[in-house]
Amino acid sequence: ATIKLDSTWEKGYYALGKYYNKLLDLKTSPTSEKINPRDISGEYERKTISFYLKAMQCGIKYLYEALPKVVTVWLDFSANISEVPGELQDTTKVTVLAEKRKHLQSIHDDIAKASEKLPKYIWYTVFSQLLSRILHPNKVTSQLIIMIANQVVLEYPEHALWSLLAQYKSTQAERSRKAKKIIDLFTSSESKNSSISNATTVQAAKKIFNELIEVSKKQLPKVKGPLSLKDDFGFDHTSVPCPLVVPAKINFDITLPTSV
C-alpha cells in the first residue's frame, strides 16, 4: 500500500526487499513433511532483488546493504537453479524447476534493466564482488556479469583496470580468459577521454601492473639506507606516468552523491 501511495519512496521498496530477504533467510532445511514448493521456487529471491533494485532507483541511502545482497542472492540462486530436494515427488520437482527458471528469467531481466538505469558508480561498489564470481556456471548470468563489469571499466578505467588486470593475471586459465574478454570489450569501445584511446590505456596499465608484480617478487637488499626502485628492484620508469590511479586504498574509495 505504501509504494502505491508514493512510488518514489526509497524506504518503502527497501522495507519490502528486506521483508522478502528475511523470508528467504528463514527458509527451513527441507524435509518431505515440511517442504513448501513456494519456499524453493525462487519467488523470495526474485522479490528481494526486485524491491532492492527499485529502492536504489529512488535513492542510495541503503546502497551498501542492498546491492551486495542483490548480487549474492542473484548469483547463488542462479548457480543452484537445477537443484531441487530429492524428497519431492517427480511431478512437484518438474513444477518447482519450471518456477525457478521463470523467476530466474525475471531476475535476469531486472538486473539487465538496472544495469542500464542505475548510475555506474552504484555498480562500481560491487565491482570486486562481481569479478570474484566471473566463473559463474550459468551462461546468462555470466554474460550479465561481463556486461556490467565492462560498463564499470568504461566509466572508471583508471580505477577498475587494477582489479580487472588482477583477474587477467590469474593462474586459472578460464578466469584469465573471462577477464581478457572484458578487456577486449573495453579496448574496442570508444574512450570517454578524447586524449587517449582505450587500447593505449590498457597497454600502459599492463606495463605498470607487470612492473609492480616483478618488484613484489624481488628480495629486499640487505644493505641499509635508501633503496632505488630502478637499481635495487629493476623497476622500469618508462612505465610511468600512467593513466591509472596510484593503487592506494584512498584512491579506490568512492564518494557517493546525495541522490541518484
Side-chain angles (χ1 to χ4, degrees), residues 60 63-64 67-68 70-72 74-75 111-112 114-136 141-218 229-230 233-257:
I60 55 175
L63 171 62
Y64 287 110
L67 191 53
V70 163
V71 173
T72 296
W74 162 38
L75 299 183
I111 295 290
S115 73
E116 297 298 328
K117 290 182 178 180
L118 293 176
K120 298 304 176 279
Y121 64 78
I122 286 182
W123 292 106
Y124 176 81
T125 65
V126 291
F127 185 60
S128 294
Q129 186 181 1
L130 289 169
L131 288 183
S132 72
R133 303 289 294 273
I134 202 172
L135 296 181
H136 199 283
T141 296
S142 179
Q143 290 171 341
L144 281 171
I145 291 173
I146 288 172
M147 180 187 74
I148 295 170
N150 180 52
Q151 291 173 348
V152 172
V153 177
L154 282 170
E155 189 69 21
Y156 306 108
E158 303 89 348
H159 304 76
L161 278 172
W162 285 113
S163 297
L164 186 57
L165 286 172
Q167 301 291 318
Y168 175 67
K169 297 293 286 186
S170 171
T171 56
Q172 291 180 279
E174 185 61 14
R175 182 174 294 277
S176 178
R177 188 185 71 81
K178 289 290 182 69
K180 183 179 183 301
K181 186 171 183 179
I182 301 171
I183 290 172
D184 289 344
L185 286 170
F186 171 74
T187 302
S188 62
S189 300
E190 183 178 353
S191 175
K192 69 169 189 173
N193 184 346
S194 59
S195 65
I196 185 171
S197 70
N198 286 344
T200 301
T201 296
V202 168
Q203 185 179 16
K206 285 181 177 179
K207 187 171 184 179
I208 185 67
F209 192 92
N210 290 334
E211 285 298 316
L212 291 175
I213 290 294
E214 290 305 312
V215 167
S216 71
K217 294 177 181 178
K218 297 289 176 65
L229 273 175
K230 179 181 179 182
F233 296 95
F235 183 80
D236 182 359
H237 281 279
T238 63
S239 62
V240 291
C242 172
L244 272 61
V245 299
V246 175
K249 183 180 183 300
I250 191 172
N251 288 329
F252 295 105
D253 293 338
I254 185 168
T255 302
L256 298 175

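Values in this document were obtained by computation on a predicted structure and should not be read as measured data.
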### Message
Return the CD to CD distance between Q172 and Q167, rounded to the nearest 0.5 Å.
### Response
8.5 Å
### Query
Looking just at side-chain N and O atoms, do T238 and D236 make a donor-acceptor pair shorter than 3.5 Å?
yes
### Query
Can you name the nearest heavy-atom pair linking S132 to R175, along with the distance?
O-NH2, 3.6 Å
### Query
Which one of I146, L144, I145 satisfies the side-chain contact (heavy atoms from CB on, under 4.5 Å) criterion with L130?
I145
### Query
Going by heavy atoms in the side chains, are F252 and W162 under 4.5 Å from each other?
yes
### Check: T72 and Q129 side chains under 4.5 Å, non-hydrogen atoms
yes
### Query
Between K169 and N210, does any side-chain donor sit less than 3.5 Å from a side-chain acceptor?
yes
### Task
Determine whether more than 12 heavy atoms belonging to other residues, nucleotides or ligands lie under 6.0 Å from atom CZ of F127.
yes
### Message
Working to the nearest 0.5 angstrom, can you tell me the gap between R177 CZ and S170 OG?
### Response
13.0 Å
### Message
Show the nearest heavy-atom pair for residues S191 and I196, with the distance to one decimal.
### Response
OG-O, 2.9 Å
#### Entry: Neighbour count >12 (heavy atoms, 6.0 Å) for atom NZ, K180
no
### Query
Hey, does the side chain of S176 reach the backbone of A173 with a donor-acceptor pair shorter than 3.5 angstrom?
no
#### Entry: L164: which of I182, N150, V152 passes side-chain contact (heavy atoms from CB on, under 4.5 Å)
I182
### Message
Rounded to the nearest 0.5 Å, what separates atom OG in S189 from atom CG in D184?
### Response
10.5 Å
### Message
As an exercise, state the distance from CD1 of I60 to CG of L67, rounded to the nearest 0.5 Å.
### Response
11.5 Å
### Summary
Output for pair (L75 CG, H136 NE2), nearest 0.5 Å, gives 5.0 Å
### Query
Is the CD atom of E174 crowded by more than 12 outside heavy atoms at less than 6.0 Å?
yes
### Task
Mind checking the CD-CZ spacing from E155 to F186? Nearest 0.5 Å is all I need.
11.0 Å
### Message
side-chain contact (heavy atoms from CB on, under 4.5 Å), that's the test. Do R133 and V71 meet it? Break it down for me.
### Response
CA-CA 10 Å; R133 303 289 294 273; V71 173; 5.8 Å; no
### Query
Given side chains that start at C-beta, do those of L244 and F209 come closer than 4.5 Å, heavy atoms only?
no
#### Entry: Evaluation steps, side-chain contact (heavy atoms from CB on, under 4.5 Å), between V153 and I183
CA-CA 9 Å; V153 177; I183 290 172; over 6 Å; no
### Query
Aromatic rings H159 and Y156: how do their planes relate, parallel, tilted or perpendicular, breaks at 30° and 60°?
perpendicular
### Task
Could I get the full list of salt bridge (Lys or Arg N to Asp or Glu O under 4.0 Å) partners for K230, not counting sequence neighbours?
none
### Message
Looking at K120, I'd like to know if its NZ atom is crowded, meaning that more than 12 non-hydrogen atoms belonging to other residues, nucleotides or ligands lie closer than 6.0 Å.
### Response
yes
### Task
Return yes if some donor-acceptor pair links the side-chain N/O of T201 with the main-chain N/O of S197 below 3.5 Å, else return no.
yes
#### Entry: pair L154-N198: side-chain heavy atoms closer than 4.5 Å
yes
### Task
Find out whether Q151 and E116 are in side-chain contact, i.e. whether some heavy atom of one side chain is under 4.5 Å from a heavy atom of the other.
yes
### Summary
Heavy atoms of F235 and V215 approach each other most closely as CD1-CG2, 3.8 Å
### I148 side chain near I111 side chain, heavy-atom distance below 4.5 Å
yes
### Query
Where do E211 and S239 come nearest, in terms of heavy atoms and distance?
CG-OG, 3.8 Å
### Message
Can you confirm whether C242 sits close enough to K207 that some side-chain heavy atom of one is under 4.5 Å from a side-chain heavy atom of the other?
### Response
no
